[in-house]
Amino acid sequence: MSILIKNGYVITVDPQRRMIKDGAVAIEDDRIVAVGKTQDVEKKYGKAEKVIDAKNHAIIPGLINTHTHFFQVLLRSLGDDLKLFDWWPGMVGPAAVHLENEDVYWSALTGSMELLKSGCTCTMDNYYPHPKWGLTDECLKAFTKIGIRAIEAVGGTDKDVPYFPPPRALLKNTDDIVKEVVRLIREWNGKGDGRVNVWFGCGAPFANSDELLEKEYDNAKKYGVGMCSHLHETMDEVNQWKKEYNGLTPIQYYYKKGIRFLGSNFVGIHCVWMDGEDLKIMAETNSKVSHNPVSNMYLASGTCPVPKMLDMGITVSLGVDGPASNNGQDMFELMKSTALLQKVSTCNPTSITAEKVLELATIDGARALLMDNKIGSIEVGKKADITLVNLKAANIAPVNRVVSQLVYCAKASNVDTVIVNGKIIVEKGQLKTMKEGLIIDKVQDAADKLVTRAGIEKLREKKWTSKVD
Ligand SMILES: [Zn+2]
């Protein structure tokens with residue numbers, strides 16, 4: 001299908017960072033074929049099958065989220081106001097033991113829908129709880145159906161440490177984890193017109209053996225995919241590691257021991273507690289970072305040193321993280337939080353700009369996901385992943401500086417149209433590929449049943465707590 005989007009304010013995020021007033025973008029099938037002034041683009045593409053008048057709208061590259069755990073949609077708010085090391089072993093882990101196919105399917109659809117409606121066209125989901133094998137296929141089915149571009153980064157837990165004990169049902173054999181991810185790669189990569197792919201998604205240093213990391217690394221190379229892992233998320237876990245390994249942090253340990261893990265196809269998630277040497281190693285190995293500011297604030301994990309990373313040439317991208325530690329999947333809230341957190345933590349309002357934040361959420365996200373030749377900017381030849389944001393709204397008007405207003409004023413509710421791979425997935429703020437009401441009813445039903453199966457109804461009935469003793 002051919003689409004012409006015209007009369008909008010195009011923010012290309014191309015290498016010249018062109019911004020085009022009265023701009024237009026032409027799409028044929030899954031590709032962008034023209035970008036420029038409306039009067040120029042219209043001459044050749046005025047007869048497109050679908051013409052979208054984007055007057056009063058910003059036309060931006062689809063936003064890119066590099067980290068979440070969709071199954072946590074089911075657990076939203078059940079573990080609020082806890083520390084990571086109480087929150088996961090005390091709530092997320094025990095509930096994840098009871099996951100069934102429908103839970104994984106409807107939660108992936110709900111999370112994807114929320115992301116899409118906040119302007120996100122591409123996400124990486126990190127799936128690791130396998131009370132039984134085969135649950136991850138439900139996420140991939142969901143992505144194929146709803147129309148989002150997605151990487152499913154799949155891992156598993158093969159290590160048991162006393163300070164982060166996994167439920168027995170989630171503890172897996174090293175080779176079985178690798179076998180399952182390889183199966184998923186073979187069955188799913190390139191499905192959904194090329195939108196869906198599988199990567200290796202390790203859990204964290206304290207949840208994965210060195211043997212597993214190396215086997216995942218070798219297979220990632222073999223199948224031409226990337227990998228990700230939570231890394232240096234909390235001060236406690238880094239200190240614990242230093243105690244066990246002669247003062248080395250996890251990053252220093254892997255690097256100095258020569259363990260095959262870090263590298264240009266690796267995304268480190270969080271990277272909050274980083275010393276100068278950790279940062280140097282990340283830069284030297286060309287490892288990428290997924291910064292998750294809302295989750296880091298929610299769990300009081302700390303602040304990722306984004307400006308230092310950027311100064312050192314490290315690619316930083318943005319992640320909403322799971323809906324049980326955010327608790328939403330909203331890209332606009334994520335962008336604003338990114339800016340505010342850096343400013344307040346450095347006491348420096350110039351520590352990051354609105355333009356850089358938009359880069360983190362678009363082209364830098366694409367680079368982290370090894371897709372910057374395909375997505376992340378509005379350029380001829382790239383995949384047509386585009387978001388239209390309505391600027392004629394009480395929370396944005398009057399229009400003065402569009403990029404700043406996208407980062408500091410806009411909300412998901414201002415997203416009008418979302419196009420993925422040349423297909424309109426959200427129109428006038430509504431999902432077009434599936435019934436929104438059906439997804440919400442189904443996920444409610446799944447959550448009700450999961451809470452009962454897991455025996456955690458009491459978490460829903462938590463009494464009013466004005467102060468924690
Ligand atoms: Zn995570």
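Numbering of ligands and ligand atoms starts at 1, following listing order.
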* For Lys159, does the NZ atom sit with more than 12 other heavy atoms under 6.0 Å from it, leaving out its own atoms? -> yes
* Are any of the side-chain heavy atoms of Thr433 and Lys423 separated by less than 4.5 Å? -> no
* To do: Could you verify whether a donor N or O on one side chain and an acceptor N or O on the other, from Lys179 and Asn219, lie under 3.5 Å apart?
  => no
* Using 2.8 Å as the cut-off, note every protein N, O or S atom close to the Zn ion (ligand 1). => His67 NE2, His69 NE2, His230 NE2, Asp321 OD1
* Is the Phe266 to Phe200 ring centre distance short of 6.0 Å? -> no
* Evaluate the criterion salt bridge (charged side-chain N to carboxylate O under 4.0 Å, His left out) for residue pair Lys288 and Asp364; output intermediate values, then yes/no. => CA-CA 9 Å; Lys288 320 292 198 290; Asp364 295 346; over 6 Å; no
* **Contacts of Tyr253 that satisfy ring pair (Phe, Tyr, Trp, His ring centres under 6.0 Å) - sequence neighbours left out** => Trp241, Tyr245
